[in-house]
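Step one of this worksheet: look at the structure below.
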Amino acid sequence: MMEAPFYIGCLILIGAILLDLWIGDPGWLPHPVIQMGRLITFLERKWNLGTNRRIKGVFLTGTVVFTVYVVTFFFVSIAYHIYYAVGIVMEICLISTTIAIKGLASAGKSVKKPLANGDLVAARKSLSMIVGRDTGHLEESEIVRGAVETVSENTVDGITAPLFWALIGGAPLAMAYRAINTLDSMVGYKNEQYIQFGWASARLDDIVNWLPARLTALTMWFSSFFMRGSRHMEALKTTWRDARKHPSPNSGWSEAMVAGLMGVQLGGINYYKGRISKRATMGTPTRKLLTTDIDKAIRYMHGGWLGFLVLLLIALYIVQF
């Protein structure tokens, strides 16, 4: 995309965002991630066996990412060959499938709505659809914590990181990023089954999210000056102090920033299939988490990606002019 004229690059990025905000991820439309998942499942069943699993995992990662990139590049090239406008439309449509602004906001609101009505049972069920932890026993503040953590953490891999790679390499690289992210979510676990086989997928996901994660925290901070009640200095201190405490080298940056901006504490004790998991806390608990904090997290998410988009367009302009 960086080789395209400046206004075309702007059109593609903004068009993809507007398309996502308009239709999101409709269930009736076949999603590329589903096909990626099928390919990963097929190869995992054949290769995640016996010895040399780390090497086999490297081949899995390379095969899936290379295949997704080449197939996307092939179809986009054909579209541009048919007619330039067709290629632009195809890139817009493909990049929109790699981002989830509407979906992430809707996920947060699906938890907030029943909470606002005092329906903890429905709120727990809605939260269980977007997190892996046990939710059946959670009280209101813990339900809010789960929703806020999900929105803030997934701002990177669900929005800003795919936009970042789309700027550099258009739809093919954005789709390759989504393949890496899907690999990590499917095989990047530190358990007996995947600790070796998923090593390459997890490490590559860490690499491709490294810069977008830190830039997203920064753009969230800048956007917070347009939002009342934001704790600007506290957010900087919290992010610098706590971001590295997260199990992921990248997820903690946006999560710690949101915690600092709101003056709340995220992280703590979670349960997975009845087993306790203690995660480092982020932020200073100046107050108790409230249902309205979900809306605040969504606003910081929007502010973060909007600022990130501006940053990308400035970078595109500088490179081309």
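Just the heavy atoms: all of them, side chains too, but no hydrogens, waters or symmetry mates, feed the values below. Since the model is a prediction, treat every value here as computed from it, not as a measurement.
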Worksheet item: Which heavy atom of Ala171 sits nearest a heavy atom of Ile95, and at what distance?
Response: CA-CG1, 3.8 Å

Item to complete: Could you pull out the closest heavy-atom pair between Pro162 and Val156, with the gap in Å?
Response: CD-O, 3.6 Å

Worksheet item: In terms of the angle between their ring planes, are Phe225 and Trp221 parallel, tilted or perpendicular, with boundaries placed at 30° and 60°?
Response: perpendicular

Discussion item. Strictly below 4.0 Å, N to O, side chains only: are Arg133 and Glu142 in salt-bridge contact?
Written reply: no

Discussion item. Let me confirm one number: the CD1-OG distance from Ile17 to Ser96, rounded to the nearest 0.5 Å.
Written reply: 10.5 Å

Discussion item. Assigning hydrophobic clusters by single linkage (Ile, Leu, Val, Met, Phe, Trp, Tyr; side-chain heavy-atom cutoff under 4.5 Å), is Leu211 placed with Trp165?
Written reply: yes

Worksheet item: Within a strict 4.5 Å, meaning less than it, do heavy atoms of the Thr238 and Met257 side chains meet?
Response: no

Item to complete: Could you tell me whether Lys112 and Asp295 have a side-chain N and a carboxylate O separated by less than 4.0 Å?
Response: yes

Discussion item. For Thr291 versus Ala116, what's the shortest heavy-atom pair and its separation?
Written reply: CG2-N, 4.1 Å

Fill in: Check: Thr284/Gln265 side-chain N/O donor and acceptor closer than 3.5 Å
no

Discussion item. With a 4.0 Å cut-off on N to O distance, would you call Arg279 and Glu149 a salt bridge?
Written reply: yes

Worksheet item: Strictly by modelled atom types, are Arg53 and Gln196 linked by a side-chain donor-acceptor pair under 3.5 Å?
Response: no

Worksheet entry | Check: Asp20 side chain, Ala16 main-chain N or O, donor-acceptor pair, under 3.5 Å | no

Discussion item. Counting C-beta onward and ignoring hydrogens, is there a side-chain heavy-atom pair between Leu173 and Tyr69 closer than 4.5 Å?
Written reply: yes

Item to complete: Could you give me the CA-CA distance, side-chain angles and deciding distance for Glu153 and His246, then say whether side-chain contact (heavy atoms from CB on, under 4.5 Å) is met?
Response: CA-CA 10 Å; Glu153 179 178 326; His246 197 283; 3.5 Å; yes

Discussion item. Can a side-chain donor-acceptor contact be found between Asn270 and Arg145 if the only test is distance below 3.5 angstrom?
Written reply: yes

Worksheet item: Of all heavy-atom pairs between Cys93 and Leu19, which one has the smallest distance, and what is that distance?
Response: CA-CD2, 3.9 Å

Discussion item. When you measure from the side chain of Asp119 to the backbone of Ala122, do you find a donor-acceptor pair of N or O atoms at a distance under 3.5 Å?
Written reply: yes

Worksheet entry | Six-ring centre of Trp210, Arg214 cation under 6.0 angstrom, axis tolerance 45° | yes

Discussion item. Are Leu309 and Leu18 linked, directly or through intermediate hydrophobic residues, by side-chain heavy-atom contacts shorter than 4.5 Å (ILVMFWY only)?
Written reply: yes

Worksheet item: Do Tyr83 and Ile92 belong to the same hydrophobic cluster, where Ile, Leu, Val, Met, Phe, Trp and Tyr are linked whenever their side-chain heavy atoms lie under 4.5 Å apart, directly or via other members?
Response: yes

Practice prompt. Look only at the side chain of Lys56 and the backbone of Lys46, and say whether a donor-acceptor pair between them is shorter than 3.5 Å.
Written response: no

Worksheet item: Linking I/L/V/M/F/W/Y whenever their side-chain heavy atoms sit closer than 4.5 Å, directly or via other members, would Ile314 and Ile168 fall into one cluster?
Response: no

Worksheet item: Would one find more than 12 heavy atoms of other residues, nucleotides or ligands at under 6.0 Å from atom CZ of Phe74?
Response: no

Discussion item. Side-chain heavy atoms nearer than 4.5 Å, only ILVMFWY residues, links allowed to pass through others: does that put Leu306 and Trp253 together?
Written reply: no

Practice prompt. Start with the C-alpha gap between His302 and Ile101, add the side-chain angles, then the distance that decides, and say whether side-chain contact (heavy atoms from CB on, under 4.5 Å) holds.
Written response: CA-CA 8 Å; His302 283 307; Ile101 302 171; 3.6 Å; yes

Practice prompt. Answer yes or no: does atom NE2 of His137 have more than 12 heavy-atom neighbours from other residues, nucleotides or ligands under 6.0 Å?
Written response: yes

Worksheet item: Atom CZ in Arg287, atom CG in Leu289: separation rounded to 0.5 Å?
Response: 6.5 Å

Fill in: Candidate pair Leu43 and Val64, rule side-chain contact (heavy atoms from CB on, under 4.5 Å), full reasoning
CA-CA 9 Å; Leu43 295 177; Val64 172; 4.0 Å; yes

Worksheet item: Quick check: does any side chain N or O of Asn191 sit under 3.5 Å from a backbone N or O of Gln193, one acting as donor and the other as acceptor?
Response: yes

Discussion item. So Lys296 and Leu261, do their side chains get closer than 4.5 Å, heavy atoms only?
Written reply: no

Worksheet item: Passes side chain to side chain donor-acceptor pair (under 3.5 Å), Asp157 versus Tyr177? Steps please.
Response: CA-CA 9 Å; Asp157 58 12; Tyr177 168 80; 5.2 Å; no

Item to complete: Answer yes or no: is there a side-chain heavy-atom contact under 4.5 Å between Ile12 and Ile8?
Response: yes

Discussion item. Please check: side-chain N/O of Ser106 versus main-chain N/O of Gly103, any donor-acceptor pairing under 3.5 Å?
Written reply: no

Worksheet entry | Side chains of Ile130 and Leu127 in contact at under 4.5 Å (non-hydrogen atoms) | yes

Item to complete: Please check if atom NZ in Lys245 has more than 12 non-hydrogen atoms from other residues, nucleotides or ligands closer than 6.0 Å.
Response: yes

Worksheet item: Just wondering, are more than 12 heavy atoms of other shown residues or ligands nearer than 6.0 Å to OH in Tyr272?
Response: yes

Discussion item. Using 30° and 60° as the class boundaries, would you call the ring planes of Tyr84 and Tyr80 parallel, tilted or perpendicular?
Written reply: tilted

Worksheet item: Do the side chain of Asn154 and the main chain of Thr150 share a donor and acceptor less than 3.5 angstrom apart?
Response: yes

Fill in: Minimum heavy-atom distance Phe197-Glu44, with the two atoms named
CE2-CG, 3.5 Å

Practice prompt. Apply the side chain to side chain donor-acceptor pair (under 3.5 Å) test between Ser224 and each candidate in Arg231, Arg299, His232; give the one that qualifies.
Written response: His232

Worksheet item: Any sub-3.5 Å donor-acceptor pair from Lys288's side-chain atoms to Ser141's backbone N or O?
Response: no

Discussion item. Using every non-hydrogen atom in the two residues, find where Asp293 and Val264 come nearest and quote the distance to one decimal.
Written reply: OD2-CG1, 4.3 Å

Worksheet item: Sub-3.5 Å donor-acceptor pair from the side chain of Asn250 to the main-chain atoms of Ala213, do we have one?
Response: no

Discussion item. For the backbone of Gly283 and the side chain of Asp242, can you confirm whether one donor and one acceptor N or O come within less than 3.5 Å of each other?
Written reply: yes

Fill in: Distance-only donor-acceptor check, side chains Ser230 and Tyr300, under 3.5 Å
yes

Worksheet item: How long is the span from the OG atom in Ser185 to the CE atom in Met36, to the nearest 0.5 Å?
Response: 10.5 Å

Item to complete: Check whether any side-chain heavy atom of Pro26 lies under 4.5 Å from a side-chain heavy atom of His31, and answer yes or no.
Response: no

Worksheet item: Is the shortest distance from a Lys or Arg side-chain nitrogen in Glu234 or Lys237 to a carboxylate oxygen in the other one below 4.0 Å?
Response: no

Worksheet item: Between Thr155 and Ser254, is a side chain to side chain donor-acceptor pair (under 3.5 Å) present by the stated rule, with each step listed?
Response: CA-CA 8 Å; Thr155 299; Ser254 55; 5.6 Å; no

Worksheet entry | Side chains of Asp25 and Thr97 in contact at under 4.5 Å (non-hydrogen atoms) | no

Worksheet item: Can you check side-chain contact (heavy atoms from CB on, under 4.5 Å) on Val111 and Arg124, steps first, answer last?
Response: CA-CA 8 Å; Val111 178; Arg124 289 165 182 154; over 6 Å; no

Item to complete: May I ask you to decide if Trp22's main-chain N or O and Lys102's side chain share a donor-acceptor pair within less than 3.5 Å?
Response: yes

Worksheet item: Going by atom types only, do Tyr194 and Asn48 share a side-chain donor-acceptor pair under 3.5 Å?
Response: no

Worksheet item: Between atom CG of Leu183 and atom OG1 of Thr63, what is the distance when rounded to the nearest 0.5 Å?
Response: 10.0 Å

Item to complete: To the nearest 0.5 angstrom, please state how far the CE atom of Met233 sits from the CG atom of Leu236.
Response: 5.5 Å

Response to the item:
Taken to the nearest 0.5 Å, the spacing of Leu60 CG from Phe42 CZ works out to 12.0 Å

Worksheet item: Taking side chain as C-beta onward, heavy atoms only, is Ile143 less than 4.5 Å from Thr135?
Response: no

